[in-house]
> 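This structure is in structure tokens; I'll ask about it shortly.
Computation of the quantities below employed the complete heavy-atom set of this structure, encompassing side-chain atoms and omitting hydrogens, waters and symmetry-equivalent molecules.
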Amino acid sequence: MRKIVIALSVLMALTSCVSKKKYAELEAKNKETQDLLNSCTVKLNTCLEEKAGLAATAESYKQHNQDLINSSKDLTILTTKGAENLEKSLESLKEKDLKISRLQDALTKKDSVTLALVTSLKGAVGINDPDIEINVEKGVVFISIADKLLFKSGSYDVSDKAKTVLAKVAKVVNDKPDFECMVEGHTDNVPYKSNGIILDNWDLSVKRSTSIVRVLTNDLGVNPAKLIAAGRSSYVPLVANDTAEDKARNRRTRIVVMPKIDQFYDMIEKEMKKQAK
């Protein structure tokens, strides 16, 4: 019996010792596994964080790429619109250049007509008479006739000699249906002494102008619709009224021969239509 008890005690002691050792091993193994799990957990969390960061970066790149695509589309649209606007601007410039060219052609034609008119007037009136001047300023023909050929001093009655000169002017004017004439009366600066009929230099310059107009229309057959009567008094002198000779130069009648404004525009319009064909 005693031997049995001793045997059981030894067996129990051996069994107890084996269990503790095994437990320690398992405990160590468990700790190792737990450490490994913790390490894996840390790595997993790090990977998840990196994944989230990469996903955010990828999304940012994706958005940036989309923005670039949109910008490219906008740039294409802007480039297309810019090209269209440039083309329209070039077309507009071409049209303006064409209009300028046509206007220049019309002006050249007008200058040619004016030159022909000057030649006709000089041929008809004569260019050697110092009391008659014919010149062109800015496309307008001016015929300046000294008053001593037209009127007596202080008078507005046209002399017979003047009618001879005016007849030559009338012939050229009648040959140019597209032109009209403005008759300007000019005086010197000596004040006119009123006689109850003529009040002053203004009055004298206008009455002389209307007297010339009446001769041109009543005696020489010029169309009244082509004539304009105007008086300038002493306010547009050719030279200073310092001497008797200079005062005589300022006393004059000027006939301005010019194309009718509507005729001039018709001339331009016709030229433009011709160029457009």
Side-chain angles (χ1 to χ4, degrees), residues 113-190 192 197-198 201-239 241 243-260 263:
V113 173
T114 301
L115 180 60
L117 177 61
V118 172
T119 303
S120 299
L121 283 168
K122 286 186 176 181
V125 178
I127 59 175
N128 295 322
D129 193 332
D131 294 320
I132 302 175
E133 294 181 2
I134 301 175
N135 53 60
V136 180
E137 297 177 13
K138 298 180 180 180
V140 179
V141 179
F142 296 93
I143 307 170
S144 184
I145 307 173
D147 271 6
K148 66 181 181 179
L149 290 180
L150 303 175
F151 310 100
K152 293 180 180 180
S153 178
S155 171
Y156 57 89
D157 292 326
V158 181
S159 67
D160 293 334
K161 184 179 180 180
K163 292 179 182 180
T164 303
V165 175
L166 293 176
K168 296 177 181 180
V169 175
K171 182 179 183 305
V172 177
V173 172
N174 286 332
D175 290 339
K176 304 293 180 182
D178 294 339
F179 284 76
E180 60 186 9
C181 298
M182 179 166 64
V183 181
E184 291 181 349
H186 295 261
T187 69
D188 57 27
N189 66 341
V190 178
Y192 187 86
I197 299 175
I198 299 174
N201 281 335
W202 276 113
D203 215 3
L204 178 61
S205 64
V206 172
K207 288 186 179 298
R208 284 182 169 179
S209 174
T210 54
S211 294
I212 297 294
V213 166
R214 290 190 183 96
V215 171
L216 290 173
T217 56
N218 298 337
D219 300 340
L220 302 173
V222 177
N223 183 359
K226 297 175 61 176
L227 298 175
I228 304 168
R232 306 299 298 269
S233 186
S234 61
Y235 297 103
V236 189
L238 291 175
V239 292
N241 288 285
T243 64
E245 290 78 9
D246 288 342
K247 290 179 181 180
R249 287 191 62 190
N250 290 330
R251 294 192 301 270
R252 69 200 186 279
T253 296
R254 189 171 74 160
I255 300 175
V256 185
V257 185
M258 52 193 173
K260 294 181 180 178
Q263 295 288 349

> Residues two or more places apart in sequence or in another chain: which of them pass side-chain hydrogen bond (donor to acceptor under 3.5 Å, both in side chains) with N250?
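By the side-chain hydrogen bond (donor to acceptor under 3.5 Å, both in side chains) rule, N250 matches N241.
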> Quick one: does S159's side chain have a donor or acceptor within less than 3.5 Å of a partner on L149's backbone?
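Flag set: sc S159 to bb L149 pair under 3.5 Å.
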> Distance check, rounded to the nearest 0.5 Å: T217 atom OG1 versus I212 atom CD1?
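Reported to 0.5 Å precision, the distance equals 11.0 Å.
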> In Å and rounded to the nearest 0.5 Å, what is the NE2 to CZ distance from H186 to R252?
4.5 Å
> What is the distance from atom CD1 of I143 to atom OG1 of T253, rounded to the nearest 0.5 Å?
11.5 Å
> Which residues pass the side chain to side chain contact (heavy atoms under 4.5 Å, CB included) test with D219, not counting sequence neighbours?
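Here the qualifying residues are K163, V215.
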> Kindly write out the residues that satisfy side chain to side chain contact (heavy atoms under 4.5 Å, CB included) with T187, not counting sequence neighbours, or none if the list is empty.
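Per chain and number, T187 pairs via side chain to side chain contact (heavy atoms under 4.5 Å, CB included) with N201, L204, S205, S233, S234.
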> Of all residues at least two apart in sequence or in a different chain, which pass the side-chain hydrogen bond (donor to acceptor under 3.5 Å, both in side chains) check with R249?
none
> Of all residues at least two apart in sequence or in a different chain, which pass the side-chain hydrogen bond (donor to acceptor under 3.5 Å, both in side chains) check with D188?
R251
> With side chains defined as the heavy atoms from C-beta onward, is the minimum distance between R208 and L150 less than 4.5 Å?
no
> Looking at residues at least two apart in the chain, or sitting in another chain, which of them share a side-chain hydrogen bond (donor to acceptor under 3.5 Å, both in side chains) with T243?
D246
> I need the minimum non-hydrogen distance between G231 and V206, along with the two atoms involved.
CA-CG2, 3.7 Å
> Just grab all the ring-ring contact (aromatic ring centres under 6.0 Å, His included) pairs involving residues 144-178, residues at least two apart or on different chains.
none
> With a 4.5 Å heavy-atom cut-off, do Y192 and D203 have their side chains touching?
no
> Write down the atom of I197, the atom of K207, and the distance for their closest heavy-atom approach.
O-CE, 3.6 Å
> Side chain to side chain contact (heavy atoms under 4.5 Å, CB included) with V256: which residues, sequence neighbours excluded?
V140, F142, M182, E184, R254, M258
> So, for A230 and S209, which heavy atoms are closest and what is the spacing to 0.1 Å?
N-OG, 3.0 Å
> Output all residues satisfying salt bridge (charged side-chain N to carboxylate O under 4.0 Å, His left out) with K148, sequence neighbours left out; order by chain, then residue number.
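With sequence neighbours excluded, K148 shows a salt bridge (charged side-chain N to carboxylate O under 4.0 Å, His left out) to D131, given in chain and number order.
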> When rounded to the nearest 0.5 angstrom, what is the spacing between CD1 in I145 and CG in L166?
5.5 Å
